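Keep in mind the model is a prediction, meaning the values are calculated, not measured. As the structure lists them, so they are numbered: ligands from 1, and atoms in each ligand from 1.
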Amino acid sequence: MQTVDVLVLGAGAAGLMCAIEAGKRGRSVLVIDHAKRPAEKIRISGGGRCNFTNLHASPANYLSQNTRFSVSALKRYTQRDFIGLVDKYRIGWHEKTLGQLFCDDSAQQVIDMLLDLCDQHGVQVQLETSITALSKPDDRFTVGTSNETVRAQSLVVACGGPSIPKMGATGFGYEIATRFDLPVIEPRAALVPFVFDDVMRERSKHLAGVSVDAVVSYGKTKFREGLLFTHRGLSGPSILQISSYWEEGKDLRVNLLPDTDAFEALKAAKQAQPKQELKTALSNLLPKKLALHIAETNKFQGRLADTSDKVLRKAAQAINEWTVKPVGTEGYRTAEVALGGVSTKALSSKTMEANTVPGLYFIGEVVDVTGHLGGFNFQWAWSSGFAAGQFV
Ligand code: FDA
């Protein structure tokens, strides 16, 4: 049997940050994780370069049933604090786009930094350890693991969400919440590509690899970033962003040519080059494969001179106001995060402690706070981990 002040479940971004902060305060801290390596999601993030924060991170970049919940933690540990830490470790970084900060070299540098800080502050990290039992028989938690039984005053649940299960992601954090009668907002895959139905997939599979700058909207929410056609449907940053808002069975609106009124452009082409084929005029506006696909599926044929304004308007609509109904998403297999999670109603936004279970804390992705694409999810992991680390 081992007794510690703080037991952290999950050696990911949030868990390690919390452990470091608790260690700094002189608490004895044990972090356990069932994976072979710590922080696997940091390692694979940002294409191996970890988009570790965003210069513009603010509560507006997060989805939650309580959009105010993230305010306190984000204010107390900001993107500038994390950048300061990265700078202290001389990890080179650059802004890629839209405030997104990436390591120049490798995401592993962020993991090494966190593990070094764990070392400095006496945090034990135990890997390949699974949890076999968990209870709170008295004022302490008793956690059975594959190695031993651990008694802890504070238990921090930092198990993340269930996306990318092949990397060891589980919904275990939600189970713990439920076991202690805490509400969980039904989780679902977010920041995830869409899939088309069989007919549309067959019809558009030759577009796989085509990408455009697009504005994708669902209701009043819109994102302007890249859109990518895949063998299964749609991906790219604009699509991943909107997936967090989209509801099953509903349409999306896509503007494939955001800075151009396609009707005006086609009318101008008709005047300037009346002998031009409509499909050629479309190819001047969009990648050729996509233009020909639009022409073919809508049966747009013939020369511009013979094309009525009504048809031009229809063609323009297919470009500026494409309405698309995905059949679903690729699910947790490829999702970057899970939307939903432990309800913020059950937690203190200052400490991340459960209101009804003293000593039980939830941080990071397991909580119902989900960031936009672009480094916001790691910032939430750092901020919520830091917040809990001051109190555990
Ligand atoms: P995280 O998932 O990091 O850690 C949870 C830990 O708990 C894991 O180590 C896991 O093994 C462990 N665990 C789970 N169940 C357990 C159990 N039953 N027993 C023991 N241990 C258990 N975000 C961002 O801001 N910038 C980016 O560039 C990216 N890129 C990105 C790429 C890909 C492919 C994915 C899947 C995700 C991203 N993200 C991202 C999202 C980001 O990775 C995510 O939001 C954070 O890792 C969440 O941090 P947590 O510490 O909460 O969970």
Can the ring centroids of Trp382 and Phe386 be said to lie less than 6.0 angstrom from one another? no
Going by side chain to side chain contact (heavy atoms under 4.5 Å, CB included), Tyr62 matches just one of Thr67, Val71, Leu74. Which one? Leu74
Only residue of Val342, Leu360, Ile363 satisfying side chain to side chain contact (heavy atoms under 4.5 Å, CB included) with Val157 is Leu360
Under 4.0 Å, heavy atoms only, figure out whether ligand 1 is touched by the backbone of [X], its side chain, both or neither.
X	value
Pro38	neither
Phe52	neither
Phe172	side chain
Val337	side chain

Do any nitrogen or oxygen atoms of [X] come within less than 3.5 Å of a nitrogen or oxygen of ligand 1?
X	answer
Thr129	no
Ile164	no
Phe378	yes
Glu40	no
Ala14	yes

Heavy atoms only: which of [options] is nearest to [atom]?
atom	options	result
atom 13 (N) of ligand 1	Arg37, His34, Glu128	His34
atom 5 (C) of ligand 1	Gly168, Ala158, Gly10	Ala158
atom 37 (C) of ligand 1	Met17, Glu175, His372, Glu336	Glu336
atom 28 (O) of ligand 1	Asn51, Ile131, Thr170	Asn51

Compute whether any side-chain donor of one residue and acceptor of the other, for [X] and [Y], lie under 3.5 angstrom apart.
X	Y	result
Arg76	Gln390	no
Glu336	Asn377	no
Thr53	Gln379	yes
Thr323	Asp251	no

Tell me whether the NZ or CZ atom of Arg201 lies within the 45° cone about the ring axis of Phe196 and under 6.0 Å from its centre. no
Regarding Asp261 and Lys267, does a basic nitrogen lie under 4.0 Å from an acidic carboxylate oxygen? no
Could you check whether Asp309 pairs with Lys270 (Lys NZ or Arg NE/NH1/NH2 to Asp/Glu carboxylate O, under 4.0 Å)? yes
If I take atom NZ from residue Lys75 and atom OG from residue Ser383, how far apart are they, to the nearest 0.5 angstrom? 12.5 Å
How far is [atom] from the closest protein heavy atom, and which atom is that?
atom	value
atom 52 (O) of ligand 1	Glu365 N, 2.8 Å
atom 4 (O) of ligand 1	Gly12 CA, 3.4 Å
atom 8 (C) of ligand 1	Asp33 OD2, 3.3 Å
atom 53 (O) of ligand 1	Gly160 CA, 3.3 Å
atom 14 (C) of ligand 1	Cys159 O, 3.4 Å
atom 30 (N) of ligand 1	Ser45 CB, 3.3 Å
atom 2 (O) of ligand 1	Lys41 CD, 3.6 Å

Should you measure from each heavy atom of [X], which atoms of ligand 1 turn up under 4.0 Å away?
X	result
Ala335	36 (C)
Ile44	34 (C)
Gly46	28 (O), 30 (N)
Gly375	24 (C), 25 (O), 26 (N)

Within-4.5 Å side-chain heavy-atom neighbours: Tyr361 and Cys18: no
Does some non-hydrogen atom of Gly173 fall short of 4.0 Å from ligand 1? no
Does any N or O in the side chain of Thr132 come within less than 3.5 Å of the main-chain N or O of Ser146, such that one atom is a donor and the other an acceptor? no
Under 3.5 Å: donor-acceptor pair, side chain of Asn320, backbone of Ala262: yes
Flag yes if Leu98 and Leu101 sit in one hydrophobic cluster, no otherwise; membership is Ile, Leu, Val, Met, Phe, Trp, Tyr, and two members link when side-chain heavy atoms are under 4.5 Å apart. no
